*Asks:* 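There's a structure below that I have some questions on.
Side chains are part of it too, since the values below use all heavy atoms of this structure and drop only hydrogens, waters and symmetry mates. No experiment lies behind these values; they were computed from the predicted model shown.
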Amino acid sequence: MRQNENLVVLGTSVILVPYKEEHVLKYHEWMQSPFLQEMTASEPLTLEEEYAMQRSWHEDEKKCTFILLAPHDNASPFSKENAQMIGDVNIFLNDQDDDPTFGEIEIMIAEEGYRRGGRGLEALKIMMAYAIAELGLKTFHAKISLSNQPSIDLFTKKLGFYPVSTSQVFQETTLEWSILPATQDEDAYGYKATDEQRQANAAMKEALMSLWTTVDKGRWDVE
C-alpha cells in the first residue's frame, strides 16, 4: 500500500515502519522457520519471490504492511541504524464484497527474544488505530492457529476480539472486533457480539483514537 510508504510510527517499545526492499533479506530468513510457517499459515518462498512480493504489496492498495522495529536501549531519537527488526503487522482489505470498512489483521513477532514483552500488543493497538483513523475500518478479523493459544489470548483478553468461527480443516479460529451497531442480520459483521462486547469495543475504539492523536510520527525518507 502506497498510503503508508513513508510513515513511521514511534511507540514506546516498538516502531512501525514501511516494508522496504532492505527488509526483505531478514524477512526471508525468518520465513524459513517451520514454526513461523505454521503460525502464519505460510509457504516458504525463494528470495527472488520474496523481493517480488515486497514490490507487489507496495503497489497493492488492499495490503497494508508495517515492519516492526525494537529500539536499542530505548534509543531516542529514532534512527534506522539503532533499531532491531523483530516482526511485522499487516492488514488485508479482503472482504469478499469489497466492504472498505473491513480488514483482516495479523501480527508476527519473529525474533523469539522479543516475544511476551508487550510489543505485540502495542503494535496491534497502533495498527488498529491507524486503520480506523486513516483507512476507515470498523471491523477486524484475525485468523489464528488453534495451536497458538498465546496469540488467541492476546486478541481476546487484551483487545476485546471474540470468536465467530472455527475451522477444523485449517485448524484455525476466526476472531472479530467490530464497532458496528447491533444487527439481526446473521451474515453481518458484529452480529455475534454480545452487548458487553460491543460496549467494550466502543470503549477500546475511543482509547485507540486517543493513542493515534498522541503517538509520535515521522517519515522514513527523512530518517
*Asks:* Is there a path from Val9 to Ile15 through hydrophobic residues (I, L, V, M, F, W, Y) whose side chains come within less than 4.5 Å of each other?
*Replies:* no
*Asks:* Checking Gln197 against Trp177: is there a side-chain donor and acceptor pair closer than 3.5 Å?
*Replies:*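 The criterion, which ignores hydrogens and geometry beyond distance, is not satisfied for Gln197 and Trp177.
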*Asks:* Among the clusters formed by ILVMFWY side chains lying less than 4.5 Å apart, do Val8 and Met1 turn up in the same one?
*Replies:* no
*Asks:* Nearest 0.5 Å please: distance from the NZ atom of Lys63 over to the CD atom of Glu104.
*Replies:*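 Rounded to the nearest 0.5 Å, the NZ-CD separation comes to 11.0 Å.
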*Asks:* For Phe155, enumerate each residue passing the ring pair (Phe, Tyr, Trp, His ring centres under 6.0 Å) test, keeping only those at least two apart in sequence or located in another chain.
*Replies:*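 Expected list: Phe161.
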*Asks:* Would you name the heavy atoms of Leu45 and Gln32 that are closest together and state the gap between them?
*Replies:* O-NE2, 3.8 Å
*Asks:* Among all residues two or more places apart in sequence or in another chain, which pass the side chain to side chain donor-acceptor pair (under 3.5 Å) test with Lys205?
*Replies:*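 So Lys205 forms no side chain to side chain donor-acceptor pair (under 3.5 Å) with any residue.
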*Asks:* Listed by chain and number, what are the salt bridge (Lys or Arg N to Asp or Glu O under 4.0 Å) partners of Glu29, not counting sequence neighbours?
*Replies:* Lys26
*Asks:* Taking all non-hydrogen atoms of both residues into account, name the closest pair between Trp30 and Gly87 and its distance.
*Replies:* CH2-N, 3.1 Å
*Asks:* Could you list the residues that satisfy ring pair (Phe, Tyr, Trp, His ring centres under 6.0 Å) with Phe92, not counting sequence neighbours?
*Replies:*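 Checked Phe92 against ring pair (Phe, Tyr, Trp, His ring centres under 6.0 Å); matches are Trp57.
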*Asks:* Do Thr174 and Thr166 have side-chain heavy atoms sitting under 4.5 Å apart?
*Replies:*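 When only atoms from C-beta onward are counted, Thr166 and Thr174 do not touch, as no gap falls below 4.5 Å.
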*Asks:* Considering only heavy atoms from C-beta outward, does the side chain of Phe140 approach that of Leu175 to under 4.5 Å?
*Replies:*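 Sidechains of Leu175 and Phe140: no contact.
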*Asks:* Using a 4.5 Å cut-off on heavy atoms from C-beta on, say whether the side chain of Asn201 contacts that of Leu159.
*Replies:*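 Not touching, per the 4.5 Å side-chain cut-off.
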*Asks:* Under 4.5 Å between side-chain heavy atoms, counting indirect links through other Ile/Leu/Val/Met/Phe/Trp/Tyr residues: same cluster for Leu10 and Leu121 or not?
*Replies:*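 No, it is not one cluster - the side chains of Leu10 and Leu121 are not joined through contacts under 4.5 Å.
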*Asks:* If you measure from CE on Met128 to CD1 on Ile105, what distance do you get to the nearest 0.5 Å?
*Replies:*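 It is 6.0 Å, given to the nearest 0.5 Å.
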*Asks:* Any donor-acceptor pair under 3.5 Å linking the side chain of Arg115 with the backbone of Ile109?
*Replies:* yes
*Asks:* For His23, which residues count as a ring pair (Phe, Tyr, Trp, His ring centres under 6.0 Å) partner, sequence neighbours excluded?
*Replies:* Trp220
*Asks:* Can you sort out the partners of Thr214 under side chain to side chain donor-acceptor pair (under 3.5 Å), two or more places apart, ordered by chain and number?
*Replies:* none
*Asks:* Between Met31 and Pro44, is any pair of side-chain heavy atoms under 4.5 Å apart?
*Replies:* no
*Asks:* Closer than 3.5 angstrom, by distance alone: can the side chain of Arg198 be matched with the main-chain N or O of Gly190 as a donor-acceptor pair?
*Replies:*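 Indeed, once roles are kept as given, a pair shorter than 3.5 Å links the two residues.
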*Asks:* Where the side chain of Glu49 meets the backbone of Thr46, is there a donor-acceptor pair that is under 3.5 Å apart?
*Replies:*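 Yes, the answer is positive, given that a donor and an acceptor are paired below the 3.5 Å cut-off.
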*Asks:* Between Lys217 (side chain only) and Val215 (backbone N and O only), is there a donor and an acceptor less than 3.5 Å apart?
*Replies:*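 Yes; judged by distance alone, with no hydrogens or angles, the pair exists.
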*Asks:* Indicate whether any N or O donor in one side chain lies under 3.5 Å from an N or O acceptor in the other, for Glu172 and Ser167.
*Replies:* no
*Asks:* I want to check something: taking the side chain as every heavy atom from C-beta on, are Lys125 and Leu208 in contact at a cut-off of under 4.5 Å?
*Replies:* yes
*Asks:* When you measure from the side chain of Asn90 to the backbone of Thr65, do you find a donor-acceptor pair of N or O atoms at a distance under 3.5 Å?
*Replies:*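 Side chain of Asn90 to backbone of Thr65: no pair is present.
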*Asks:* Roughly how far, to the nearest 0.5 Å, is the CD atom of Glu38 from the OG atom of Ser147?
*Replies:*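 Rounded to the nearest 0.5 Å, the OG-CD separation comes out at 4.5 Å.
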*Asks:* Ignoring hydrogens and angles, tell me if any N or O in the side chain of Gln84 forms a donor-acceptor pair with the backbone of His72 under 3.5 Å.
*Replies:*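 Checked: no pair found.
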*Asks:* Keeping Glu134 on the side-chain end and Ala131 on the backbone end, is there a donor-acceptor pair under 3.5 Å?
*Replies:*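 No.
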*Asks:* I'd like to check the side chain to side chain donor-acceptor pair (under 3.5 Å) partners of Gln199; sequence neighbours left out, ordered by chain and number.
*Replies:*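 With neighbours one apart ignored, the set is empty.
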*Asks:* Decide yes or no on side-chain contact (heavy atoms from CB on, under 4.5 Å) for His141 and Tyr189, but give the supporting numbers first.
*Replies:* CA-CA 10 Å; His141 276 190; Tyr189 296 128; 3.9 Å; yes
*Asks:* Tell me if a side-chain donor or acceptor on Thr213 pairs with a main-chain N or O of Ser210 at a distance below 3.5 Å.
*Replies:* yes
*Asks:* Scan residues 155-164 for pairs that pass side-chain hydrogen bond (donor to acceptor under 3.5 Å, both in side chains), counting only residues two or more places apart or in two chains.
*Replies:* Tyr162-Glu176
*Asks:* Which heavy atom of Arg116 sits nearest to which heavy atom of Pro150, and what is that distance?
*Replies:*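 Heavy atoms only, the tightest pair is NH2-CG, 3.4 Å.
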*Asks:* Can you run down the salt bridge (Lys or Arg N to Asp or Glu O under 4.0 Å) pairs that involve residues 1-10, sequence neighbours left out, and say none if there aren't any?
*Replies:* Arg2-Glu5, Arg2-Glu59
*Asks:* In the structure I gave you, are the side-chain heavy atoms of Ser178 and Phe102 within less than 4.5 Å of one another anywhere?
*Replies:* no
*Asks:* Is any side-chain heavy atom of Ile126 less than 4.5 Å from a side-chain heavy atom of Trp212?
*Replies:* yes
*Asks:* Between Glu21 and Gln54, is a side-chain contact (heavy atoms from CB on, under 4.5 Å) present by the stated rule, with each step listed?
*Replies:* CA-CA 7 Å; Glu21 185 174 298; Gln54 184 274 328; 4.2 Å; yes
*Asks:* With sequence neighbours left out, what residues match Glu61 under side chain to side chain donor-acceptor pair (under 3.5 Å)?
*Replies:* none
*Asks:* Between CD1 of Ile144 and CD of Gln149, what distance do you get to the nearest 0.5 Å?
*Replies:* 9.0 Å
*Asks:* Testing the basics here: between Thr173 and Pro163, what is the closest heavy-atom pair and its distance to 0.1 Å?
*Replies:* OG1-CB, 4.5 Å
*Asks:* Can you tell me how far CD of Glu112 sits from CD1 of Ile86, rounded to the nearest 0.5 angstrom?
*Replies:* 13.0 Å
*Asks:* Enter the distance from Gln168:CD to Gln171:CD here, rounded to the nearest 0.5 Å.
*Replies:* 5.5 Å
*Asks:* Run through the side-chain heavy atoms of Ile, Leu, Val, Met, Phe, Trp and Tyr, join any pair under 4.5 Å, and report what else lands in Leu146's cluster.
*Replies:*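 Traced through the cluster, Leu146 reaches no other member.
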*Asks:* Under 4.5 Å between side-chain heavy atoms, counting indirect links through other Ile/Leu/Val/Met/Phe/Trp/Tyr residues: same cluster for Ile179 and Met204 or not?
*Replies:* yes
*Asks:* Can you list every pair that meets salt bridge (Lys or Arg N to Asp or Glu O under 4.0 Å) and has a residue in residues 85-101, with sequence neighbours left out?
*Replies:*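 Passing the test, one end in residues 85-101: Lys62-Asp98.
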*Asks:* Are Ile67 and Val89 linked, directly or through intermediate hydrophobic residues, by side-chain heavy-atom contacts shorter than 4.5 Å (ILVMFWY only)?
*Replies:* no
*Asks:* Considering only heavy atoms from C-beta outward, does the side chain of Leu68 approach that of Val17 to under 4.5 Å?
*Replies:* no
*Asks:* So which atom in Leu154 and which in Leu124 form the shortest heavy-atom distance, rounded to 0.1 Å?
*Replies:* CD2-CD1, 3.6 Å
*Asks:* Return yes if some donor-acceptor pair links the side-chain N/O of Thr40 with the main-chain N/O of Leu36 below 3.5 Å, else return no.
*Replies:*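 It does hold such a pair.
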*Asks:* Please find out if less than 6.0 Å separates the ring center of Tyr19 from that of Phe66.
*Replies:*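 Ring-ring flag for Tyr19/Phe66: false, centres at least 6.0 Å apart.
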*Asks:* Identify the heavy atoms of Met127 and Leu16 that sit nearest to each other, and give their distance.
*Replies:* N-CD2, 4.3 Å
